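To start, the structure itself, in structure tokens.
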Amino acid sequence: MASVLFQTRSDSLPTKSHPLVSELDDQICRLRACEATSTSSMSITHKLSGLQDLYDCVDKILLLPLTQQALAQHQNRKWVDELLDGSLRILDVCNSAKDALLQTKEYTLELESTIRRRQGGSENNIATEVKKYITSRKMAKKSIQKAMSNLKGLESKCCVETGTEIANFVSMLREVQVVTLAVLKSFMSFISGTKTVTKTKTKTNNWLLVSKIMLNKRIASEEEEEVVNEFALADIALESLKCDNNMENVQNQLKNLEQCIEDFEEGSHNLFRRMIKTRVTLLNILS
């Protein structure tokens with residue numbers, strides 16, 4: 001019965017030798033390889049760009065007549081439904097990251113503007129905006145933690161048995177979702193400021209840590225290794241402001257953060273649009 005059910009053989013689906021399928025496989029492998037690299041804003045931006053190319057390739061494959069004919073068959077409807085369910089959950093996760101990014105940007109720009117306008121008795125205004133920024137970051141982190149907890153349940157749903165042509169093909173599309181989740185996880189973790197890694201045997205005060213980072217963007221020794229995170233550095237600079245009152249450092253960190261957010265915004269927005277496009281293509285296959 002199973003053999004009859006899945007008789008959409010290789011002549012009904014693009015094979016591994018198809019240029020687009022080979023390209024998709026290569027892109028998945030490249031993104032998988034990137035998971036082992038150090039997490040920096042540049043690497044995150046590169047991964048988001050890689051996902052955009054990945055979804056462009058997926059969409060081209062889904063638009064192939066043979067692909068649409070195979071997935072549109074009634075007995076294969078459950079595969080498409082599961083892919084649609086996964087895509088919707090991933091879009092929700094991506095949207096949570098975009099919201100956290102937008103919230104941080106709003107308070108960053110407002111704080112930068114207040115600092116530029118400061119005169120004489122305006123220090124209280126700065127303190128107020130700093131407090132607002134720190135509060136907003138705490139809210140953003142909570143939102144990200146909630147989204148990342150949802151990832152655990154979604155990751156377990158991204159596996160499918162292989163063996164038949166259609167199952168193997170859907171498995172490849174599921175692999176796209178797995179890779180997407182891995183990148184989004186790194187993306188959200190970076191935004192929350194948890195990827196500034198410092199391995200050291202001695203405790204260092206926040207304000208001293210910022211000073212060291214400013215002098216050396218990357219510290220490497222037997223005991224300490226630094227991975228720069230613009231979100232974490234801005235958080236640290238503002239938290240330590242009451243100790244060192246180093247407003248110049250705060251301005252520099254906020255400026256770096258603003259540029260980082262702009263890069264992330266562009267990458268996440270373009271990725272979001274491409275994922276929606278792929279979802280629409282899947283929906284059209286069912287219509």
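As the structure is a prediction and not an experimental result, all values here were calculated from the model.
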Start with the C-alpha distance between E110 and K132, add both sets of side-chain angles, then the distance that settles side chain to side chain contact (heavy atoms under 4.5 Å, CB included), and finish with yes or no. CA-CA 10 Å; E110 184 62 34; K132 287 181 180 178; over 6 Å; no
Could you check D99 against Q103 for side-chain hydrogen bond (donor to acceptor under 3.5 Å, both in side chains), going step by step and ending with a plain yes or no? CA-CA 6 Å; D99 286 345; Q103 183 178 347; over 6 Å; no
Give the C-alpha distance, both sets of side-chain angles, the deciding distance and a yes or no for salt bridge (charged side-chain N to carboxylate O under 4.0 Å, His left out) between K105 and E265. CA-CA 10 Å; K105 177 184 178 180; E265 264 194 321; 2.9 Å; yes
Shortest non-hydrogen contact from R137 to G193? NH2-N, 4.0 Å
Interatomic spacing from CG in N95 to CD1 in I276 - rounded to 0.5 Å: 8.5 Å
Apply the test side chain to side chain contact (heavy atoms under 4.5 Å, CB included) to residues N270 and R274: give CA-CA distance (whole Å), side-chain angles for both, the deciding distance (0.1 Å), then the verdict. CA-CA 6 Å; N270 290 336; R274 281 167 171 78; 3.5 Å; yes
Cluster check M275, V280: I/L/V/M/F/W/Y, side chain < 4.5 angstrom: yes
S96 side chain to D92 backbone, donor-acceptor under 3.5 Å: yes
Spell out, as yes or no, whether a donor-acceptor pair under 3.5 Å connects the side chain of D85 to the backbone of D81. no
Would you mind reporting whether P19 and S22 have side-chain heavy atoms less than 4.5 Å apart? no
Does any part of the side chain of N256, heavy atoms only, come nearer than 4.5 Å to the side chain of V228, both counted from C-beta? no
Same cluster or not: are L286 and W79 linked, directly or through other Ile, Leu, Val, Met, Phe, Trp or Tyr residues, by side-chain heavy atoms under 4.5 angstrom apart? yes
Given side chain to side chain contact (heavy atoms under 4.5 Å, CB included), test T135 with Y107 step by step and report yes or no. CA-CA 10 Å; T135 301; Y107 284 95; over 6 Å; no
Nearest 0.5 Å, please: how far is CG in L51 from OG in S268? 11.5 Å
Under a 4.5 Å cut-off applied to non-hydrogen side-chain atoms, are F190 and C260 in contact? yes
Tell me whether R32 is salt-bridged to E175, with the criterion being a basic N under 4.0 Å from an acidic carboxylate O. yes
Are L184 and L102 connected into the same hydrophobic cluster when the rule is that any two of I, L, V, M, F, W, Y join if their side-chain heavy atoms are below 4.5 Å apart? no
Does the side chain of V130 reach to within under 4.5 Å of the side chain of V250, using non-hydrogen atoms? no
Are L283 and V58 in one and the same hydrophobic cluster, where Ile, Leu, Val, Met, Phe, Trp and Tyr link if side-chain heavy atoms are under 4.5 Å apart? yes
Quick one: does any side-chain atom of S113 pair with a main-chain N or O of L109 as donor and acceptor, under 3.5 Å? no
Between S186 and K47, the two heavy atoms sitting closest are OG-NZ, 4.2 Å
Indicate the ring-plane relationship of F231 and F264, choosing parallel, tilted or perpendicular according to the 30° and 60° boundaries. parallel
Is the cationic atom of K277 (NZ for Lys, CZ for Arg) positioned less than 6.0 Å from the six-membered ring centroid of Y55 and within 45 degrees of its normal? no
Examine distances only and state if a side-chain atom of S136 and a backbone atom of Y133 form a donor-acceptor pair shorter than 3.5 Å. yes
Has T67 got a side-chain atom pairing as donor or acceptor with I61's backbone, closer than 3.5 angstrom? yes
Please name the residue in the list R174, R77, Q177 that meets the side chain to side chain donor-acceptor pair (under 3.5 Å) test with E82. R174
Test item: E258 and E112 side chains (from C-beta on) under 4.5 Å apart, heavy atoms: yes
Does L62 offer a backbone N or O that forms a donor-acceptor pair with the side chain of Q68 under 3.5 Å? yes
Taken to the nearest 0.5 Å, the spacing of R89 CZ from L91 CG works out to 12.5 Å
With a 4.0 Å cut-off on N to O distance, would you call D235 and K141 a salt bridge? yes
Under 3.5 Å: donor-acceptor pair, side chain of T45, backbone of S41: yes
To the closest 0.5 Å, what do you measure between CG (L54) and CD (E23)? 9.5 Å
Once you round to the nearest 0.5 Å, how far does OG1 of T278 lie from CG of D59? 4.0 Å
With rounding to the nearest 0.5 Å, note down the distance linking NE2 in H269 to CD in Q52. 10.0 Å
Can you name the closest pair of heavy atoms from Q75 and Q73 and give their distance? NE2-OE1, 2.8 Å
Given side chains that start at C-beta, do those of K60 and L64 come closer than 4.5 Å, heavy atoms only? no
Of all heavy-atom pairs between S192 and I144, which one has the smallest distance, and what is that distance? N-CD1, 3.9 Å
Distance-minimising heavy-atom pair for Q253 and A234: CB-CA, 4.1 Å
Does any N or O in the side chain of N76 come within less than 3.5 Å of the main-chain N or O of A70, such that one atom is a donor and the other an acceptor? yes
If you look at every heavy atom in A147 and V93, which pair is closest and at what distance? O-CG2, 4.5 Å
Establish whether I191 and M42 are linked, either directly or via other cluster members, by ILVMFWY side-chain heavy-atom contacts under 4.5 Å. no
Between I115 and L254, is the side chain to side chain contact (heavy atoms under 4.5 Å, CB included) condition met? List the steps. CA-CA 11 Å; I115 293 175; L254 290 176; 3.9 Å; yes
